[in-house]
Amino acid sequence: MKRGTRLNTFEGGATSLAPRIRDALARLDDALFAIWDLGDNVLLAWTHDDSELRFLAVRHYAIAEAVHSGPAHPGPKNDAIGFVNEILSGSKYLAPDRFRQVCRDFGTDPQILSADFKVGADVDVELIDELMRRYSVSLVRGRAVVLLDAVEFSLQPPLDQMAMLNSLSFSVNSAYRQLLSKAIDVNFARTTTGDGFYIWNRATSPGANVELYKLMMLILADNAVAQRKARSEWVPKLRAAYHVGEHYEFHQVDGLNPTTFSYIVGQVTVDLARMIEKSLPGQILLGDFEVREEITSGKSFRYDTVDFVESTAATLDHLNGLVIAGGCIENIRCYLTGQSLGSSRYTVNRYHIRDKHGTTRVVYNAKINIHRENAEPIFLGIQRDDLWAFASARVEALNRDAQQTGTFFVRP
């Protein structure tokens with residue numbers, strides 16, 4: 001049976017290569033597939049030397065064993081988790097000396113493959129990196145993920161569940177098409193949770209997290225309009241959670257091939273699942289995050305949840321003119337809810353919620369208001385005064401304008 005080459009799934013880079021180079025990369029993909037051995041092995045890193053490519057492949061359980069081996073692990077300063085995460089994050093390419101050291105740390109000899117091309121001259125390092133990721137595991141830090149959950153999904157008959165997921169899928173695709181019309185290309189991926197979807201932006205460029213938030217807005221707006229028009233319960237009532245954190249990304253086996261789409265698991269997905277458990281129907285929750293984002297080489301900035309929503313709100317004019325269910329967007333306002341201080345000033349409420357395991361997390365309640373020409377406005381999320389059923393252990397009211405009102409206060 002002829003396998004399809006991984007090159008066919010690339011968005012760019014490979015299409016402009018000469019046929020000779022594409023054929024060589026297809027042979028390399030076949031060789032990596034053989035090393036991967038239906039998922040029995042994981043490719044961790046690679047390097048090159050003249051016309052040879054060297055790949056580090058370990059058994060699929062070796063990563064977990066390395067983490068749990070504790071002080072006996074030969075990683076730097078005996079920090080097993082830090083050692084493994086360093087390898088899994090960033091580029092899969094390692095400088096030759098570093099690659100040899102990592103091979104020694106794992107007690108594994110590299111797989112050596114001959115190449116019919118020169119790395120750097122004929123083929124970029126990034127292209128081989130991308131070719132290899134399908135057979136690897138990657139740690140991604142500072143990436144936003146959205147969890148969309150269909151309320152009372154498990155109580156519905158199977159055919160209704162199928163119709164609800166199809167409705168949600170259409171809202172996702174429709175929102176994506178709308179963003180494309182504004183030249184906002186969100187390289188999004190999704191995986192099902194059974195009751196809904198995890199959605200993330202594959203891009204790691206500055207602004208990628210903001211673009212995902214805009215995608216979430218339009219998904220929820222399309223769903224809200226569909227609910228108004230629906231004559232049945234096949235359009236799901238949604239609740240949503242948005243958070244930024246770290247996760248592992250990997251591919252599972254689909255038949256004899258690794259899937260073309262990826263799966264994610266990590267602290268950010270755990271946090272999102274616990275947030276959704278506590279959320280109300282129609283509610284939008286944001287996690288409490290702080291992100292350091294690199295703008296250019298050597299230059300970066302930090303932002304937290306409140307900064308993120310404020311900076312996102314300042315960019316929403318770009319979405320004016322999009323049409324949602326026949327109504328042209330005039331303006332969009334997004335904000336985190338809190339108490340009024342008068343003179344158009346507000347605090348931001350920060351909610352402490354406790355999950356079923358007794359772990360406390362901090363979340364924010366978000367609102368999104370979309371006003372349209374010649375059409376009813378779309379109000380997404382829940383106002384602060386309507387959160388009486390939201391089970392929070394504690395609420396803090398945070399004021400950013402310390403000079404005028406005195407920073408921060410807590411109420412039970």
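What you see below is based on every heavy atom in this structure, not just the backbone, and it leaves out hydrogens, waters and symmetry mates.
- Between the side chain of N320 and the backbone N or O of E330, at least one donor-acceptor pair lies under 3.5 Å.
- Counting heavy atoms of neighbouring residues, nucleotides and ligands inside a 6.0 Å radius, atom CG of L155 exceeds 12 of them.
- Formation of a donor-acceptor pair under 3.5 Å by the N173 side chain with backbone atoms of S169 is found in this model.
- Between D271 and R361, at least one side-chain N (NZ, or NE/NH1/NH2) sits under 4.0 Å from a carboxylate O, which counts as a salt bridge.
- The closest donor-acceptor contact from the side chain of D124 to the backbone of L127 lies at 3.5 Å or more, if one exists at all.
- D97 and Q101 form no side-chain donor-acceptor contact under 3.5 Å, judged by distance and modelled atom types alone.
- Side chains of W36 and L38 form a contact here, defined as non-hydrogen atoms less than 4.5 Å apart.
- Two residues are said to be in side-chain contact when any heavy atoms from C-beta on lie closer than 4.5 Å; R384 and N349 meet this criterion.
- Side-chain contact check for S392 versus H352: every heavy-atom pair is 4.5 Å or farther apart.
- A 4.5 Å side-chain heavy-atom check between Y263 and H251 finds every atom pair outside the cut-off.
- For the 3.5 Å distance criterion, the side chains of T359 and R354 fail to qualify, holding no donor opposite an acceptor.
- Between D40 and R59, at least one side-chain nitrogen of the basic residue sits less than 4.0 Å from a carboxylate oxygen of the acidic one, meeting the salt-bridge criterion.
- W46 and Y93 have their aromatic ring centers within a separation under 6.0 angstrom.
- Ring pair F106/F83 is tilted by interplanar angle, where 30° to 60° counts as tilted.
- With 3.5 Å as the limit, one finds a donor-acceptor pair spanning the side chains of D29 and Y135.
- At least one side-chain heavy atom of V123 sits under 4.5 Å from a side-chain heavy atom of I128.
- Close placement of the Y213 and F308 rings is indicated, their centers lying within 6.0 Å of each other.
- The side-chain heavy atoms of I35 and L113, taken from C-beta on, include a pair separated by under 4.5 Å.
- In this structure, L215 and E211 have side chains that are not in contact, with every pair of non-hydrogen atoms separated by 4.5 Å or more.
- Between T312 and K214, the side chains place no donor N or O within less than 3.5 Å of an acceptor N or O (distance only, hydrogens not considered).
- Judged by distance alone, with hydrogens and angles left aside, the side-chain atoms of N201 form a donor-acceptor pair with the main-chain N or O of A208 at under 3.5 Å.
- Counting non-hydrogen atoms of neighbouring residues, nucleotides and ligands closer than 6.0 angstrom, the NZ atom of K118 reaches no more than 12 such neighbours.
- Side chain of S340 to main chain of Y346: no donor-acceptor pair is present (N/O by atom type, distance under 3.5 Å, no hydrogens or angles).
- Side-chain contact check for N365 and K367: no donor-acceptor pair (N or O, by modelled atom type) lies under 3.5 Å.
- In terms of heavy-atom proximity, F197 sits nearest to T193 at N-OG1, 4.0 Å.
- With hydrogens and angles ignored, the 3.5 Å screen pairs a side-chain donor or acceptor of T192 with a backbone N or O of G196.
- Within the 3.5 Å criterion, the main-chain N or O of P236 finds a donor-acceptor partner in the side chain of N223.
- Between E249 and R202, no side-chain nitrogen of the basic residue sits less than 4.0 Å from a carboxylate oxygen of the acidic one, so the salt-bridge criterion is not met.
- Salt-bridge formation is not detected for the pair E277/R239: no Lys NZ or Arg NE/NH1/NH2 atom is positioned less than 4.0 Å from an Asp or Glu carboxylate oxygen.
- Under the 6.0 Å cut-off for aromatic ring centres, Y303 and F301 qualify, their centroids lying closer than that.
- You'll find the side chain of F379 reaches within 4.5 Å of the side chain of H371, heavy atoms only.
- Salt bridge absent: R143 and E246 never bring a charged side-chain N and a carboxylate O closer than 4.0 Å.
- A side-chain donor-acceptor contact under 3.5 Å links Q283 to the backbone of L280.
- Side-chain contact of K92 with S138: a donor-acceptor pair under 3.5 Å is present, judged by distance alone.
- Of the possible donor and acceptor atoms, one in the side chain of S89 sits under 3.5 Å from a partner among the backbone N and O of N85.
- The backbone N or O of I264 sits nowhere less than 3.5 Å from a side-chain atom of T269 that would complete a donor-acceptor pair.
- The six-membered or imidazole ring of Y351 lies away from that of Y364, with a centre-to-centre distance of 6.0 Å or more.
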